[in-house]
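Just so you know, these numbers use all the heavy atoms, side chains as well, and skip hydrogens, waters and symmetry mates.
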There are 2 protein chains.
Amino acid sequence: MVALNLENLPNKRRQTPEQVSELTTNRLSVYLRCLNELDAAGVQTISSQALAEQFQLNAAQIRKDLAYFGEFGVRGVGYYVKDLRRHLRQILGLDRRLRVAIMGAGNLGLALADYPGFRQEGFEIAALFDTANEKIGHESRGGVPIHDINDLKRIARRERLDIAVIAVPAPHAQPVVDQVVAGGIKAILNFSPGALKVPPDVKLKSVDLTVSLESLSFYLAQGDASSGAA
Amino acid sequence: MVALNLENLPNKRRQTPEQVSELTTNRLSVYLRCLNELDAAGVQTISSQALAEQFQLNAAQIRKDLAYFGEFGVRGVGYYVKDLRRHLRQILGLDRRLRVAIMGAGNLGLALADYPGFRQEGFEIAALFDTANEKIGHESRGGVPIHDINDLKRIARRERLDIAVIAVPAPHAQPVVDQVVAGGIKAILNFSPGALKVPPDVKLKSVDLTVSLESLSFYLAQGDASSGAA
DNA sequence: TTTTGTGAACTAGTTCACAGCT
DNA sequence: AGCTGTGAACTAGTTCACAAAA
């Protein structure tokens, strides 16, 4: 039943490479988005060169990133768009619908729960969690139910939750993460500022809005300084 | 007016180093947060070693990052917390209040406008912009006024806006960015998926939620595969 | 011919280890 | 003694350039 893939497995073992850098996996996601666009535009095949030019990427890097997972291209032709798109979706685990929980039904949590970008690529926002009694039992405008955070363990199992998004105030972040981990969820996207501890088998990815803004502030401060000197 | 800083300028030119990596500036922001905590806890001085241990960082890297901007430490002692904190705030341009505009008064825009984390470190959310007539003239729950996006140029000048946050649906992102650039704003934090074009004197920083989630999905897909084999 | 897949060369970023200051 | 600041060594990531395949 794996016969069809065998020609893509040369001498080295493929499929789950020893260790792919996070930079690479992020780019895979970008490539997928490009292919979605190309597919929607009816493009049949594309070379790494053309892909790079159209989306401001590097051709060699595209080829190298893909090469970690197999030989998806055809020499002299390029990549079949639909084909590569399917492969990327499979590599990224998007061939099944992933179920997401949002921790914290405040402004940010509710906004993320109804964010259309998530649903688009196959993520299902299945539940919101909060501690405030007046919120529990209600749902977001988009219809995501708000549960008591203490029911997380039960609901995580029942709803088969795969990913948790942390959108609670900073002081609650670590205890909430601990509950998420105890609930058996293995992947966390964190929006709260500051470092969080998770066991080694849990993947934590943080988006730190303060760091992002302060990095922009740095740029402005440096830029102003040099224009002041000029 | 720079006299106070002169003892920190050895033989090499300092203050605006040729090119500091974004990784370094992001870490400066992290260090600042650590120092805020230490200061609040009443800690007077800290060595790079102790800082690294307490916050899971690397001591040599802390010293190197700081060394781009001056000699802030005291050999045999470490760094004076209040002192280094003040220096970092100055380096990051946080010694003046930066004024932020949020483009898009949808779920995400409104949530970001009232996000307390921003105000905390000295950012002032001064305005929201949208195209919907029923929103224009109103304000967010936290009291940020919603303007017509076509008034951006005028209001950007009047309100001295420094940074724009892009929280509009993906198809509108590039045109909105063009308006932001035309309004003279030089720093942009983008939440919409996909690449955006800005002129070289404008700093663009993107937070791509889809890429973040798909990267977690990849981890789950790979993890499941190996546990299935075991 | 065209374009992939990939070793080799290069560039960027991190960590080590120690001279030198306090 | 203790700790910074920094060259040197190392590691990771990117780009080049070309042999091999279609």
Side-chain angles (χ1 to χ4, degrees), chain A residues 7-15 17-28 30-31 35 38 43-81 83-84 87-88 91 215, chain B residues 7-15 17-28 30-31 35 38 43-81 83-84 87-88 91 215:
Chain A
E7 85 276 329
N8 289 334
L9 298 169
N11 37 359
K12 294 180 228 165
R13 77 253 154 285
R14 276 281 163 73
Q15 200 72 334
E18 55 283 38
Q19 190 141 325
V20 185
S21 134
E22 186 117 11
L23 296 169
T24 295
T25 67
N26 288 349
R27 282 192 299 262
L28 293 180
V30 171
Y31 303 155
L35 290 166
L38 291 170
V43 177
Q44 302 274 318
T45 91
I46 188 134
S47 69
S48 60
Q49 182 67 60
L51 193 60
E53 274 165 24
Q54 191 167 345
F55 297 99
Q56 314 233 77
L57 308 164
N58 178 289
Q61 186 155 71
I62 295 170
R63 296 200 300 275
K64 217 154 223 186
D65 286 338
L66 296 176
Y68 285 118
F69 301 95
E71 307 202 349
F72 305 123
V74 182
R75 284 160 203 239
V77 176
Y79 300 88
Y80 289 99
V81 171
D83 221 45
L84 184 54
H87 273 117
L88 282 177
I91 292 164
S215 176
Chain B
E7 85 276 330
N8 290 333
L9 300 170
N11 38 358
K12 293 181 228 165
R13 71 236 148 310
R14 276 283 163 74
Q15 198 72 335
E18 55 285 34
Q19 192 141 322
V20 185
S21 133
E22 185 116 10
L23 296 169
T24 295
T25 68
N26 287 350
R27 282 191 299 262
L28 293 180
V30 171
Y31 303 155
L35 291 165
L38 291 170
V43 177
Q44 302 272 318
T45 89
I46 188 134
S47 69
S48 60
Q49 182 67 61
L51 194 59
E53 272 164 26
Q54 190 166 345
F55 297 99
Q56 314 233 75
L57 308 164
N58 177 290
Q61 186 156 70
I62 295 170
R63 297 200 298 276
K64 241 199 184 145
D65 286 337
L66 296 176
Y68 285 118
F69 301 94
E71 306 203 351
F72 304 123
V74 181
R75 284 158 202 240
V77 177
Y79 301 88
Y80 289 99
V81 171
D83 222 45
L84 183 55
H87 274 117
L88 281 177
I91 291 164
S215 175

Legend entry - Atom pair distance, as rounded to whole Å: CG in B:Leu23 and P in C:dT11: 19 Å
Inset, instruction - Among A:Asn58, A:Asp65, A:Leu57, A:Ile62, find the one that has a side-chain contact (heavy atoms from CB on, under 4.5 Å) with A:Arg27. - result: A:Asp65
Inset, instruction - Using a heavy-atom cut-off of under 4.0 Å over every strand shown, decide if B:Leu66 touches base, sugar-phosphate, or nothing. - result: nothing
Inset, instruction - Pick out which of A:Ile46, A:Leu66, A:Leu38 makes a side-chain contact (heavy atoms from CB on, under 4.5 Å) with A:Leu84. - result: A:Leu66
Inset, instruction - Give the rounded distance in Å between these two atoms: CD1 of A:Ile62 and C1' of D:dT15. - result: 13 Å
Inset, instruction - May I ask you to verify if any side-chain N or O of B:Asn58 is less than 4.0 angstrom from the OP1 or OP2 atom of C:dT15? - result: yes
Legend entry - Considering all heavy atoms, the nearest B:Ala52-B:Ala59 contact: CB-N, 3.5 Å
Inset, instruction - Round to a whole Å and report the spacing from CG of A:Asn26 to P of D:dT14. - result: 11 Å
Inset, instruction - Report the residues that fulfil side-chain contact (heavy atoms from CB on, under 4.5 Å) with B:Gln44, sequence neighbours left out, ordered by chain and then residue number. - result: none
Legend entry - B:Phe69 CZ to B:Leu28 CG distance, which is reported to the nearest 0.5 Å: 5.0 Å
Legend entry - Nearest-angstrom distance from the residue atom CD of B:Gln61 to P of D:dA12: 14 Å
Inset, instruction - Quickly work out the A:Asp65 CG to D:dG13 P distance and round it to whole Å. - result: 11 Å
Inset, instruction - Could you check whether A:Thr24 gets within reach of a base, just the sugar-phosphate, or nothing at all, counting any heavy atom under 4.0 Å? - result: nothing
Inset, instruction - Using the test salt bridge (charged side-chain N to carboxylate O under 4.0 Å, His left out), find all partners of B:Arg63 that sit at least two apart in sequence or belong to another chain. - result: none
Inset, instruction - Check if the side chain of A:Lys64 and the base of D:dG13 share a donor-acceptor pair of N or O atoms closer than 3.5 Å. - result: no
Legend entry - Pairwise 5' ranking along DNA chain D for A:Glu22 and A:Ala60, keeping only the more 5' one: A:Glu22
Could you pull out the protein-nucleic contacts involving nucleotides 2-4 of chain C (nitrogen or oxygen on both sides, under 3.5 Å)?
| residue | atom | partner | partner atom | Å |
| --- | --- | --- | --- | --- |
| C:dT2 | O2 | A:Gly76 | N | 3.3 |
| C:dT3 | O4' | A:Gly76 | N | 2.9 |
| C:dT4 | OP1 | A:Ser48 | N | 2.6 |
| C:dT4 | OP2 | A:Ser48 | OG | 2.7 |
| C:dT4 | O2 | A:Arg75 | NH1 | 3.1 |

Inset, instruction - Flag the pair A:Phe72 / A:Leu88 as yes when at least one side-chain heavy-atom distance between them is below 4.5 Å, and no otherwise. - result: no
Legend entry - Between P of D:dA12 and CD of A:Gln19, the distance in whole Å: 9 Å
